[in-house]
Peer 1: 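Before I ask anything, let me first share the structure, which is written out below as structure tokens.
The sequence lines fix the lettering, A, B, ..., with proteins before strands; numbering per chain opens at 1.
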Amino acid sequence: MEQLEQIRVQKLKQIRELGYDPYPNTYRYTHTIGQVVKDFAEKTAEQLEHGKQKVRVAGRILANRPFGKAGFMALSDGEDQVQVYAKKDQLPERDFQLYHLLDIGDFIGVEGTMFRTRTGELTIYSNEITFLAKCFLPLPEKWHGLTDVEIRYRRRYVDLVVNPEVRSVFIKRSVIIRELRSFLDERGYLEVETPMLHPIFGGALAKPFKTHHNALDMPLYLRIAPELYLKRLIVGGLNRVYDMNRIFRNEGISTRHNPEFTMLEFYQAYSNYTDLMDLTEKMLTEIAEKVCGSRVITYDDQPIDFGKWTRLTMKEAILKFSPEKITEETLKDRAAVERLLKQLHADVDSRMPLGTLIGLLFETVAEAHLVQPTFIYDYPIELSPLSKAKAGDPSLVERFELYIGGMEIANGYSELNDPVDQRERFLSQLQARERGDEEAHQMDEDYIRALSYAMPPTAGEGIGVDRLTMLLTNSTSIRDVILFPHLRPE
RNA sequence: GGGCCGUUAGCUCAAUUGGCAGAGCAACUGACUCUUAAUCAGUAGGUUGGAGGUUCGAUUCCUCCACGGCUCACCA
């Protein structure tokens, strides 16, 4: 409200009149608040009394309990908090006047000596207060805090000030990203940067954001996946590469979908999809242990054990979770599959090929049951225009997806490296596009040309970093793991 | 896009069948030199998301709109 703000503007004026610089350009502290808390944690009141150690710390005032000629403040540097005691006869008169002009949210620097209060709390007995910055807008009320999710996302800066668990989620996110990098770096992978602006969007089945380059007067698309560029690098002899960065998909927004999200894609020459399943098990188990301190985590009230991994073919998963008793023979019968799907109220299109129907059946009956880490492998070829066909069964490809907590976390496959087959797959995608499938893959002649120079056998995988972060921070909304999630304009 | 729920003071929430719009915290004034959700006394703070309708009277009932949450669909 205007009035609250005006009062604080007046206070800043008075602070200036006392002779303080309202916006000083630095403060030299001797300790972070964390160091203070740690260094003096073991000291008794008597030890502190005799030691009289001087400290200078800086931070934001989060609470103030004044009473007449003294008062206590809670000072936070974002990471840690410490109590500050301001007492009239121990401070210069000007500093004590300043104390009465301070508000919750202001930044100050404090010089003083450490002591313990009667209740034993470690506290800085201040002998100097330095004004650092004024907070004009009131912080949320201390007891309930900030809970309105919309304001939390719109004003993430306030959310971070008052909700320590939010800070901890984003610190974990940063650790996850660092650990993913170091896991791959240790194994000889090279991090590369590939274009964000694509003249032909590809590498995934999704709708893109379209933009325009003025000087060249040409349409460009924000990338939906870095895949095709990474494989061009494999052709060029960069045998292990990864790209961890943003991708953009022009689709619905939900608790599991943000229009821009972070994808780790990595490619490894002379390997197949089984190698990547092995690698992924190791990678995610290590990261869960590093981030959560245990192989067993809790997600959405369910225990998830990174010590127990399962691998099922898509068909096995369907048979296992189908409510109706069916056999593998049933899945070869298009009419039977269609009937099953209709019973389950799935959206069936009579033009869909059998493989697409099987994929749909899997999603309908099995996906939600996949809480423990489970690889689903051997996908119908129709769903996977970039994967290598399975030796001995041309209807399937060597592809897997990893499900944890009912969410799709990763997707990997043995890469199709036959340029002739790749051209045919693109052509059949074009047919799907003509049937109205906006997400079907485009033809990419240069990619086929790259494969025509020969790509060694290669396996590649994408890991949804936001989804993985949700899992490891027990967040059920993707917005809780993205600092500034997409919102409609205010 | 569909369904359900929601929007009241800076924040968290009340308001009976449709009958004077309230509390706690935050703020302001005063008291208080070891408090920690400090305490005590007092003051101020509102076009009840917006527009329209029904009614003597609407926070309350109806319609439309905006925004948000959850969920389903699409997707990762």
Peer 1: Using a heavy-atom cut-off of under 4.0 Å over every strand shown, decide if Asn258(A) touches base, sugar-phosphate, or nothing.
Peer 2: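 Base contact.
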
Peer 1: Ignoring backbone atoms, test whether Lys11(A) places a side-chain nitrogen or oxygen under 4.0 Å from the OP1 or OP2 oxygen of A27(B).
Peer 2: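 Lys11(A) to A27(B) OP1/OP2: no side-chain N or O under 4.0 Å.
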
Peer 1: How long is the line joining CZ of Phe201(A) and C1' of A76(B), in whole Å?
Peer 2: 17 Å

Peer 1: For the side chain of Tyr85(A), starting at C-beta, report the closest nucleotide among A76(B), A27(B), C34(B).
Peer 2: C34(B)

Peer 1: Given the rule in the side chain to side chain donor-acceptor pair (under 3.5 Å) test, do Arg173(A) and Thr262(A) qualify, once you have shown the distances and angles that lead to the verdict?
Peer 2: CA-CA 11 Å; Arg173(A) 181 177 174 124; Thr262(A) 300; 3.3 Å; yes

Peer 1: Quick one: look up who G1(B) pairs with, Watson-Crick or G-U, both distances under 3.5 Å, and put none if it's unpaired.
Peer 2: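 Across all strands, the one nucleotide that pairs with G1(B) is C72(B).
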
Peer 1: Just how far, in rounded Å, is P of C34(B) from CG of Leu91(A)?
Peer 2: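 So the CG-P distance, Leu91(A) to C34(B), works out to 15 Å.
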
Peer 1: Kindly determine whether Tyr125(A) and Tyr85(A) satisfy ring pair (Phe, Tyr, Trp, His ring centres under 6.0 Å), including the steps that lead there.
Peer 2: CA-CA 5 Å; Tyr125(A) 208 131; Tyr85(A) 186 43; 5.2 Å; yes

Peer 1: Classify Phe96(A) by what it touches in the nucleic acid, base, sugar-phosphate, or nothing, heavy-atom distance under 4.0 Å.
Peer 2: nothing

Peer 1: Counting heavy atoms from C-beta on, name the nucleotide in A76(B), C34(B), A27(B) closest to the side chain of Arg8(A).
Peer 2: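 Taking heavy atoms from C-beta onward, the closest nucleotide is A27(B).
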
Peer 1: Quick one: does NZ or CZ of Arg94(A) land under 6.0 Å from the six-membered ring centre of Tyr20(A), within 45 degrees of the ring axis?
Peer 2: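 Verdict for Tyr20(A): a cation-pi partner in Arg94(A).
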
Peer 1: Write down the distance separating the C1' atoms in A38(B) and G45(B), rounded off to the nearest Å.
Peer 2: 24 Å

Peer 1: Please report the distance separating the C1' of U60(B) from the corresponding atom of A26(B), rounded so that it comes out in whole Å.
Peer 2: 29 Å

Peer 1: From the set G68(B), A27(B), C34(B), return the single nucleotide nearest to any side-chain atom of Val149(A).
Peer 2: G68(B)

Peer 1: According to a strict under-4.0 Å criterion, is Ser254(A) in side-chain N/O contact with OP1 or OP2 of C72(B)?
Peer 2: no

Peer 1: Identify, between Ala204(A) and Phe115(A), the residue whose nearest nucleotide on RNA chain B lies closer to the 5' end.
Peer 2: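 So the residue in question is Phe115(A).
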
Peer 1: Starting the side chain at C-beta, find the nucleotide from A76(B), U35(B), C11(B) nearest to Phe72(A).
Peer 2: U35(B)

Peer 1: Write down the distance between CG (Asn411(A)) and C1' (A76(B)), rounded to a whole number of angstrom.
Peer 2: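 After rounding, the gap between these two atoms is 9 Å.
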
Peer 1: Looking at C11(B), C32(B), C70(B), which one has an atom nearest to any side-chain atom of Lys69(A)?
Peer 2: C32(B)

Peer 1: Tell me: CD1 of Ile124(A) to C1' of U35(B), nearest whole Å?
Peer 2: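 Result: 16 Å.
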
Peer 1: Whole angstrom is fine here: how far is it from CZ in Phe248(A) over to C1' in A76(B)?
Peer 2: 15 Å

Peer 1: Roughly how far apart, to the nearest Å, are G19(B) and U59(B) at atom P?
Peer 2: 10 Å

Peer 1: Once you apply a heavy-atom cut-off of 4.0 Å, does Asp89(A) come out as touching a base, just sugar-phosphate, or nothing?
Peer 2: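 Result for Asp89(A) = base.
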
Peer 1: Is it true that, when you exclude Glu165(A) itself, more than 12 heavy atoms of the residues, nucleotides or ligands shown sit nearer than 6.0 Å to its CD?
Peer 2: yes

Peer 1: Check for a donor-acceptor pair, side chain of His100(A) on one end and backbone N or O of Phe96(A) on the other, with a separation under 3.5 Å.
Peer 2: no

Peer 1: Does the His441(A) side chain pair with the main chain of Gly203(A), one donor and one acceptor, at a distance under 3.5 Å?
Peer 2: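 Side chain of His441(A) to backbone of Gly203(A): a pair is present.
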
Peer 1: To the nearest Å, give me how far apart CG (Leu139(A)) and C1' (C25(B)) are.
Peer 2: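 Checked: the CG to C1' distance equals 14 Å.
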
Peer 1: Pick the nucleotide of RNA chain B nearest each of Glu121(A) and Met263(A); which residue has the one closer to the 5' end?
Peer 2: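 It is Glu121(A) whose nearest nucleotide is closer to the 5' end.
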
Peer 1: Identify which nucleotide among U71(B), A76(B), C34(B) has an atom closest to any side-chain atom of Thr255(A), counting heavy atoms from C-beta outward.
Peer 2: U71(B)

Peer 1: Report the distance from atom CZ of Arg256(A) to atom P of A73(B), rounded to the nearest whole Å.
Peer 2: 11 Å

Peer 1: Can you tell me the distance, in whole Å, between the CD atom of Gln6(A) and the P atom of A27(B)?
Peer 2: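 About 17 Å, once rounded to whole Å.
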
Peer 1: Check whether any side-chain nitrogen or oxygen of Arg154(A) sits under 4.0 Å from OP1 or OP2 of C67(B), and answer yes or no.
Peer 2: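 Looking at the OP1 and OP2 atoms of C67(B), neither is under 4.0 Å from any side-chain N or O of Arg154(A).
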
Peer 1: So, is Arg65(A) close to the A38(B) phosphate, meaning a side-chain N or O under 4.0 Å from OP1 or OP2?
Peer 2: yes

Peer 1: Counting only Watson-Crick pairs (N1-N3 plus N6-O4 or O6-N4) and G-U wobbles (N1-O2, O6-N3), all under 3.5 Å, who is the partner of U59(B)?
Peer 2: none

Peer 1: Regarding Glu439(A), tell me which of base, sugar-phosphate or nothing describes its non-hydrogen contacts under 4.0 Å with the strands shown.
Peer 2: sugar-phosphate

Peer 1: Sticking with atom P, work out how far U63(B) lies from C4(B), rounded to a whole angstrom.
Peer 2: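 U63(B) and C4(B) have their P atoms separated by 12 Å.
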
Peer 1: Using atom C1' of each nucleotide, how far apart are G50(B) and A58(B) to the nearest Å?
Peer 2: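 Comparing C1' positions in G50(B) and A58(B) gives a spacing of 16 Å.
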
Peer 1: Any strand is fair game: report the nucleotide pairing with G22(B) by Watson-Crick or G-U wobble, both distances under 3.5 Å, or none.
Peer 2: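 Paired with G22(B), as far as the under-3.5 Å criterion goes, is C13(B).
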
Peer 1: What is the pairing partner of C64(B), taking Watson-Crick or G-U wobble pairs with both distances under 3.5 Å in any strand?
Peer 2: G50(B)

Peer 1: If you check every side-chain atom of Gln83(A), which of C70(B), G10(B), U35(B) has the closest atom?
Peer 2: U35(B)

Peer 1: Between Tyr221(A) and Phe201(A), is a ring pair (Phe, Tyr, Trp, His ring centres under 6.0 Å) present by the stated rule, with each step listed?
Peer 2: CA-CA 6 Å; Tyr221(A) 302 93; Phe201(A) 60 94; 4.9 Å; yes

Peer 1: Between A23(B) and A14(B), how far apart are the P atoms? Round to whole Å, please.
Peer 2: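 A14(B) and A23(B) have their P atoms separated by 16 Å.
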
Peer 1: Would you indicate what Lys88(A) reaches in the nucleic acid, counting non-hydrogen atoms under 4.0 angstrom: base, sugar-phosphate, or nothing?
Peer 2: nothing

Peer 1: Counting only Watson-Crick pairs (N1-N3 plus N6-O4 or O6-N4) and G-U wobbles (N1-O2, O6-N3), all under 3.5 Å, who is the partner of A41(B)?
Peer 2: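 Result: U29(B).
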
Peer 1: Pick the C1' atom in C61(B) and in G42(B), then give their distance to the nearest Å.
Peer 2: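 Straight-line distance between the two C1' atoms is 41 Å.
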
Peer 1: Using the C1' atom on both, measure U39(B) against C32(B) and round to a whole Å.
Peer 2: 9 Å

Peer 1: Carefully, step by step, assess Tyr379(A) and Tyr273(A) under the rule ring pair (Phe, Tyr, Trp, His ring centres under 6.0 Å).
Peer 2: CA-CA 12 Å; Tyr379(A) 274 59; Tyr273(A) 71 148; 9.7 Å; no

